[in-house]
Amino acid sequence: MTSDDNKPKRTTYRHGDLRNALIKAGVELARAGGPEAVVLRAATRQAGVAPNAAYRHFADRGALLHAVSQAAMAQVAHAMEAELAAVADGLDEKVAARARFRAVGTGYLRFAQEEPGLFRIAFHVPGDMTHASDADAAGPGGKSPFELLGAALDGLVQTGQLPEDRRPGAEFLAWSAVHGLAVLVIDGPLRGLHPVQAHDAGQLLIDMVERGI
């Protein structure tokens, strides 16, 4: 028997990229239980490391929540990009611009219904717009949800469908309307809607926003 055989066996392991492993664990916790489920001890347990290992990368639970929130936001952007990618080629530029505007709203609502836990944590923190355009909140195309909405609105201006003087702040109005419906569907009195009804309500809402802006 060698001296190594007498050493106690490790109950945890060293992780080559612990910060990302903890964020990934936090995302899975949020997917199942929303923001309340994301705690340092649970994340370290899921990542297979000792509880105090998290403090090498996150000062406290709030820091982990922020990182998981940004990762969830990137997944919102990914869902929006998927809808944008489905916009048909060869459309008239005005039709295409409106289709892209609708796609960002449709992707946002679809994500809320399919991933309510992640949707909740995406907007749980931070408390302002400071990090809305950070790289870690962006989808594969490099834009965050807020930037994707802004680009869609810019497309409406460029094609003459949204007067330039009405562009400033338009993203906040459109976002408020779509986000409000999303929350009503996943956490409010509309949560009993059949998914088809929820989808149809979303399309009608986007119709209204299109006409309103």
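Throughout, numbering of the chain's residues begins at 1 and tracks the sequence.
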Rounded distance [0.5 Å steps], [atom1] in [X] versus [atom2] in [Y]:
X: Met80; Y: Lys143; atom1: CE; atom2: NZ; result: 11.5 Å
X: Glu83; Y: Arg110; atom1: CD; atom2: CZ; result: 4.5 Å
X: Phe101; Y: Thr106; atom1: CZ; atom2: OG1; result: 10.0 Å
X: Asp154; Y: Glu171; atom1: CG; atom2: CD; result: 8.0 Å
X: Arg41; Y: Asn52; atom1: CZ; atom2: CG; result: 9.0 Å
X: Leu22; Y: Phe58; atom1: CG; atom2: CZ; result: 5.5 Å

Linking I/L/V/M/F/W/Y whenever their side-chain heavy atoms sit closer than 4.5 Å, directly or via other members, would [X] and [Y] fall into one cluster?
X: Val87; Y: Leu149; answer: no
X: Val178; Y: Phe172; answer: yes
X: Leu153; Y: Val157; answer: yes
X: Phe123; Y: Val38; answer: yes
X: Leu204; Y: Leu181; answer: no

What's the shortest heavy-atom distance between [X] and [Y], and which atoms?
X: Leu91; Y: Ala99; value: CD1-CB, 4.5 Å
X: Met73; Y: Pro145; value: O-CG, 3.4 Å
X: Leu29; Y: Ala43; value: CD1-N, 3.7 Å
X: His57; Y: Ala53; value: CD2-O, 4.2 Å
X: Ala137; Y: Ala77; value: O-CB, 4.2 Å
X: Glu164; Y: Pro168; value: O-CD, 3.4 Å

Side-chain donor/acceptor of [X] to backbone N/O of [Y], under 3.5 Å:
X: Asp92; Y: Lys94; answer: yes
X: Arg166; Y: Ile213; answer: yes
X: Gln75; Y: Leu118; answer: no
X: Gln70; Y: His66; answer: no

Carboxylate-amine/guanidinium proximity below 4.0 Å for Arg31 and Glu28: yes

Answer whether the closest heavy-atom distance between the side chains of [X] and [Y] falls below 4.5 Å.
X: His124; Y: Ser69; result: no
X: Gln203; Y: Arg102; result: yes
X: Arg120; Y: Ile186; result: yes
X: Gln197; Y: Asp200; result: no

Would you call the rings of Tyr108 and Phe119 parallel, tilted or perpendicular if under 30° counts as parallel and over 60° as perpendicular? perpendicular

